[in-house]
Novice: 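Have a look at this one before I ask anything.
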Amino acid sequence: MPQTKIKNRQFRLKTRPVERVVPDNFSFIEEDVPDLKDGEVLIRNRILSLDPTNRIWMTDMEQYMPPVEIGEVMRGLGIGRVAASKNPNFKEGDFVSGLLGWQDFFKAGADELKMLSKLPEVPGVTLETFAGAAGMTGLTAYFGLLEIGQPKQGETLVVSAAAGAVGSIVGQLGKISGLNVVGIAGSAEKCKWLTDDLSFDAAINYKESNWKDQLKKATPNGIDIDFENVGGEIMETVYQRMNLFGRIVLCGLISGYNDTDDSKSRLPLSSALMKRLRIQGFIVMDFADKNVEAITKLATWIAQGKIKHRETIVNGLENAPTALNQLFDGGNVGKLLIKVSDD
Ligand SMILES: NC(=O)c1ccc[n+]([C@@H]2O[C@H](COP(=O)([O-])OP(=O)(O)OC[C@H]3O[C@@H](n4cnc5c(N)ncnc54)[C@H](OP(=O)(O)O)[C@@H]3O)[C@@H](O)[C@H]2O)c1
């Protein structure tokens, strides 16, 4: 009897998006999972992390990693379970995280295995949490605020995309650091979550016409740290209220990712000079040597209930391209994930 081959569904990049991502930017194909050779491991993808950077990787703009090439499996962070192993360092049932791609299975040889991390078992920290608050998302918030923002007790922090994956953790780390925390988000429900559940001092819905006045009111002593996730008009408005020696943590500029014209984010640099502002971009992996220490702290705060988190979970790998747009429409609260499988 011929053995039935395991099938692997994959999204391969077909065309680069012009504005929003559309399903037609990908070919959704199915191929046999090749047999494992010595040293290789087969990973069954469980959870796929949808991130604004997926949109960046689909373009050929200047970026921090090579763009995904046309015809390549779409790059994506994920968590999976070792389904079969011919490598003594990985056993069936181990959970790993890394760039597993937009597909059902990831076959890893020696080079790919070096880029994967085995997940520790931490009571109360689920796989979904490791894909968000105790994973890359939490690390981005942690390094961005603590290493670059250099917070001092009593200062005022403003964070944009505050009810999203990174922003919601930044604000809570701000509270742990003794800051006055103001979030900017796109709906009344999101703002209520930030103040009522996450203890932000204030939250402003930027879709309300008087939001700039509300920001002024919420930051009577100016702004010391801008944790910038959005760019454009939101960043320009926050910029005008920066204090002397303020820090702008340039984490992301999501308002421009679907836009070929990035001229929107021009700031009057004379203010940066006069107020001696520090504007620093960063990428989470710049601090990779401190990951273990940071994840330990984040997982502890999560287990103690000091950091709360939410996930928006979409079922089915096949929905990844359309679900990605939630990040640009504000459809997600907290971390946006795709559930690929239960096995
Ligand atoms: N530097 C790094 O290493 C690093 C790592 C991870 C993420 N990032 C950046 O961090 C930012 C947040 O990422 P995330 O993964 O946490 O995503 P997220 O905040 O969970 O989702 C994106 C949110 O951005 C808001 N948004 C989208 N378009 C907007 C616009 N035009 N104006 C205002 N708000 C808009 C939406 O919420 P509303 O409903 O509030 O509009 C949306 O929910 C992104 O800029 C991303 O590129 C950087």
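When a ligand or atom number is given, it counts from 1 through the structure's own listing order. Throughout, residue positions are numbered sequentially from 1 according to the sequence presented.
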Novice: May I ask you to check if ligand 1 and Q326 share an N or O to N or O distance below 3.5 Å?
Specialist: no

Novice: Are there over 12 heavy-atom neighbours, none belonging to Q304, within less than 6.0 Å of that residue's CD?
Specialist: yes

Novice: Only heavy atoms of A165, strictly under 4.0 Å: list the atoms of ligand 1 that pass.
Specialist: 16 (O), 18 (P), 19 (O), 20 (O)

Novice: Identify the protein heavy atom lying closest to atom 32 (N) of ligand 1, giving its residue, its atom name and the separation to 0.1 Å.
Specialist: V230 CG1, 3.5 Å

Novice: For E121, does the CD atom sit with more than 12 other heavy atoms under 6.0 Å from it, leaving out its own atoms?
Specialist: no

Novice: Using a 4.0 Å heavy-atom threshold (strictly under), name the region of V166 that reaches ligand 1: side chain, backbone, both or neither.
Specialist: both

Novice: Does NZ in K14 sit with more than 12 non-hydrogen atoms of other residues, nucleotides or ligands closer than 6.0 Å?
Specialist: yes

Novice: Just which atoms of ligand 1 are under 4.0 Å from any heavy atom in G164?
Specialist: 18 (P), 19 (O), 20 (O)

Novice: Which residue owns the protein heavy atom closest to atom 40 (O) of ligand 1, what's the atom, and how far is it?
Specialist: G186 N, 2.8 Å

Novice: Once you restrict to heavy atoms under 4.0 Å, what part of I234 touches ligand 1? Side chain, backbone, both or neither.
Specialist: side chain

Novice: Between M136 and ligand 1, does any nitrogen or oxygen pair lie at a separation below 3.5 Å?
Specialist: no

Novice: Which residue supplies the protein heavy atom nearest to atom 47 (O) of ligand 1, what is that atom called, and how far is it?
Specialist: Y257 OH, 2.8 Å

Novice: Would you mind telling me if ligand 1 is within reach of the side chain of M285, the backbone, both or neither, using heavy atoms under 4.0 Å?
Specialist: neither

Novice: Give, for atom CD1 of I302 and atom CD1 of I307, the distance between the pair rounded to the nearest 0.5 Å.
Specialist: 6.0 Å

Novice: Determine whether the side chain, the backbone, both or neither of T140 has a heavy atom under 4.0 Å from any heavy atom of ligand 1.
Specialist: side chain

Novice: If you draw a 6.0 Å radius around NZ in K192, do more than 12 non-hydrogen atoms from other residues or ligands fall strictly inside?
Specialist: no

Novice: Would you say ligand 1 has an N or O under 3.5 Å from any N or O of D51?
Specialist: no

Novice: Establish whether V96 and V122 are linked, either directly or via other cluster members, by ILVMFWY side-chain heavy-atom contacts under 4.5 Å.
Specialist: no

Novice: Taking only non-hydrogen atoms of I283, do any sit less than 4.0 angstrom from ligand 1?
Specialist: yes

Novice: Atom 10 (O) of ligand 1: which protein heavy atom is closest, and how many Å away?
Specialist: N229 OD1, 3.3 Å

Novice: Is there a polar contact between ligand 1 and V284, counting only N or O atoms under 3.5 Å apart?
Specialist: yes

Novice: Please check whether K190 reaches ligand 1 - meaning an N/O of the residue sits under 3.5 Å from an N/O of the ligand, judged on distance alone.
Specialist: yes

Novice: Quick check on T53 - does any of its heavy atoms sit under 4.0 Å from an atom of ligand 1?
Specialist: no

Novice: Return yes when L336 approaches ligand 1 closer than 4.0 angstrom through a heavy atom, no otherwise.
Specialist: no

Novice: At what distance is the nearest protein heavy atom to atom 42 (C) of ligand 1, and which residue and atom is it?
Specialist: L327 O, 3.1 Å

Novice: Relative to the ring of F11, is the ring of F28 parallel (under 30°), tilted (30 to 60°) or perpendicular (over 60°)?
Specialist: parallel

Novice: Can you tell me which residue and heavy atom of the protein come closest to atom 30 (C) of ligand 1, and the distance to 0.1 Å?
Specialist: S255 CB, 3.9 Å

Novice: Note the single closest protein heavy atom to atom 35 (C) of ligand 1, along with its residue, its atom name and the distance in Å.
Specialist: Y206 OH, 3.8 Å

Novice: With a cut-off of 4.0 Å, which atoms of ligand 1 are near a heavy atom of G330?
Specialist: 36 (C), 37 (O), 39 (O), 42 (C), 43 (O)

Novice: Judged by non-hydrogen atoms, does C251 sit under 4.0 Å from ligand 1?
Specialist: yes

Novice: When you measure from the centre of the six-membered ring of Y257, is the NZ or CZ of R55 under 6.0 Å away and within 45° of the axis?
Specialist: no

Novice: Going through the checks in order, is the side chain to side chain donor-acceptor pair (under 3.5 Å) test met by S160 and E228?
Specialist: CA-CA 6 Å; S160 51; E228 190 53 54; 3.1 Å; yes

Novice: Suppose I only count heavy atoms of A185 and a 4.0 Å limit; which atoms of ligand 1 are within that range?
Specialist: 40 (O)

Novice: A quick test of your reading: do over 12 heavy atoms of other residues, nucleotides or ligands sit less than 6.0 Å from NZ of K216?
Specialist: no

Novice: Is D32 salt-bridged to K7, cutoff N-O under 4.0 Å?
Specialist: yes

Novice: Could you tell me if R310 sits above the aromatic ring of W193, with its cationic atom closer than 6.0 Å to the ring centre and no more than 45 degrees from the axis?
Specialist: yes

Novice: Show the atoms of ligand 1 that are less than 4.0 angstrom away from any heavy atom in G252.
Specialist: 9 (C), 45 (O)

Novice: Ion pair present between D35 and K86, side-chain N to carboxylate O less than 4.0 angstrom?
Specialist: no

Novice: Could you establish whether S160 and ligand 1 come within less than 4.0 Å of each other, counting only heavy atoms on the residue side?
Specialist: no

Novice: For ligand 1, which atoms sit closer than 4.0 Å to a heavy atom of G334?
Specialist: 20 (O)

Novice: Between CD of Q103 and CD1 of I43, what distance do you get to the nearest 0.5 Å?
Specialist: 10.0 Å

Novice: Students should be able to answer this: which protein heavy-atom is nearest to atom 15 (O) of ligand 1, and at what distance?
Specialist: P52 CD, 3.2 Å

Novice: Do L173 and L194 share a hydrophobic cluster, counting only Ile, Leu, Val, Met, Phe, Trp and Tyr and linking them when any side-chain heavy atoms are less than 4.5 Å apart?
Specialist: yes

Novice: Output yes when the distance from some N or O of ligand 1 to some N or O of G167 is under 3.5 Å, and no in every other case.
Specialist: no

Novice: Between M58 and V68, is there shared hydrophobic-cluster membership here, with clusters defined by ILVMFWY side-chain heavy atoms closer than 4.5 Å?
Specialist: yes

Novice: With heavy-atom distances below 4.0 Å as the criterion, list the atoms of ligand 1 near L253.
Specialist: 45 (O)

Novice: Hey, any chance F143 and L298 share a hydrophobic cluster, counting ILVMFWY side chains that come within less than 4.5 Å of each other, even indirectly?
Specialist: yes

